[in-house]
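Encoded as structure tokens, the structure appears first; notes follow it.
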Amino acid sequence: MTEIRIDLYSDTQTRPTPAMRKAMSEADVGDEQRGEDPTVNKLTRTVAKLLGKDDAVFLPSGTMCNQIAILVHCRPGDEVIADRSAHIINSEAGGPATFAGVMVRPLDGKRGVYTAGQMEAAVRGVKRNAPRSTLVVAEQTANSGGGTVWPLETLREVATTAKRHGLLMHMDGARLMNAVIASGVAAKNFAEPFDSLWIDLSKGLGCPVGAVLAGGREFIAEAWTWKQRMGGAMRQAGVIAAAGVHALEHHVDRMAEDHENARAFAEAIANLPGIAVEEGVDSNMVFFNVEGTGLPAAEIHNRLLERGIRIGAYDRYRMRAVTHLDVNREAVVAAAEAVREVARGAAG
Ligand SMILES: *Cc1c(COP(=O)(O)O)cnc(C)c1O
């Protein structure tokens, strides 16, 4: 296989920087399971403060954050409401059904963002034969929707409506910090209407591993029980938490560059034959449809790979390019040039 020179497959493809590795190697550590790891404690305190919540817990992945939040908030047979494109529906291997035993009711939002009205219409009335609606999930940014940034106003309307019906709110904040940088809205303002939320350290923040789940004191105490049950409790986890502390200090503001690079890439491929860029590049993702080239996304993916460029084939004709700290402007320009060659080749 040709070497991958430019990897736009996902913002999970970043490597820890030398400065991050140094912070990791120098981390103070202790037994995380016993609450004795000073670096983990610093990370969880930092994230709880950033998000304006009582407390937080360090977990190995965002998927585990979502699953634990659903477990804490719901009972078996309950129903969770989420957009059709949600990660919890499509990319967690049926976790909500497996662990919490809940159903997920999908909404037809626009680019991953639904309205309070759509959400309210999905709330079940209290009936013996209906599942109980318990939890509403919003993804910030909405990944499969297009890296869409939920407007604060929409989140507030959804939350107000949810609370009126006695439902709880959970944010899948895998890319919340991208939304913060893209919108200028503070993380704690986005977080305020939510009973629980988390941020991923291993996406745009550039860490090798980890995510932090935040919420009220009782929620986090219960989340800890599930973390323990699921085997998510760790030992000298300060080594990896140090990457998170470093990233929150050094890798947040720079996300503006990723967003500019995504827009530059979108503009560079916008008028190519057979390529249709999806409306709206809010953050670090560019989705485009390649049906007009006559080739499926998997084939375009392979032809780009031959040129050392990796861009994910999302479904039959849909592709996703994601910018991150390991790709600069020069790299996205080169990647767009490769897309141009491949699109021309397909048309010819
Ligand atoms: C990546 C992602 C997750 C899962 O996070 P992991 O750390 O990969 O488990 C959840 N939700 C969204 C929107 C994601 O993009």
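Only this structure's heavy atoms are used, side chains among them; waters, hydrogens and symmetry mates stay out. Counting convention: from 1, in listed order, for ligands and their atoms alike.
Under the 4.5 Å side-chain heavy-atom criterion for ILVMFWY residues, a single connected hydrophobic cluster contains both Val40 and Leu43. A single hydrophobic cluster is not seen to contain both Val72 and Ile88; linkage of ILVMFWY side chains at heavy-atom distances under 4.5 Å, directly or through other members, places them apart.
Using a 4.5 Å cut-off on side-chain heavy atoms (C-beta onward), Glu278 and Arg318 make contact.
Among residues at least two apart or in separate chains, ring pair (Phe, Tyr, Trp, His ring centres under 6.0 Å) pairs with a member in residues 117-151 are Tyr114-Trp150. Sorted by first then second residue, the ring pair (Phe, Tyr, Trp, His ring centres under 6.0 Å) pairs that include residues 64-94, not counting sequence neighbours, are His73-Phe219.
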N/O pairs closer than 3.5 Å, ligand 1 and protein:
residue  : atom   : partner : partner atom : Å
ligand 1 : 5 (O)  : Asp200  : OD2          : 3.0
ligand 1 : 7 (O)  : Gly62   : N            : 2.8
ligand 1 : 7 (O)  : Asp200  : OD1          : 3.4
ligand 1 : 7 (O)  : Asp200  : OD2          : 2.7
ligand 1 : 9 (O)  : Gly62   : N            : 3.3
ligand 1 : 9 (O)  : Thr63   : N            : 2.8
ligand 1 : 9 (O)  : Thr63   : OG1          : 2.6
ligand 1 : 11 (N) : Asp172  : OD1          : 3.1
ligand 1 : 11 (N) : Asp172  : OD2          : 2.5
ligand 1 : 15 (O) : Asn143  : ND2          : 3.0
ligand 1 : 15 (O) : Arg175  : NH1          : 2.8
ligand 1 : 15 (O) : Lys203  : NZ           : 2.9

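For Ala48, the side chain to side chain contact (heavy atoms under 4.5 Å, CB included) test picks out Ala56, with sequence neighbours left out.
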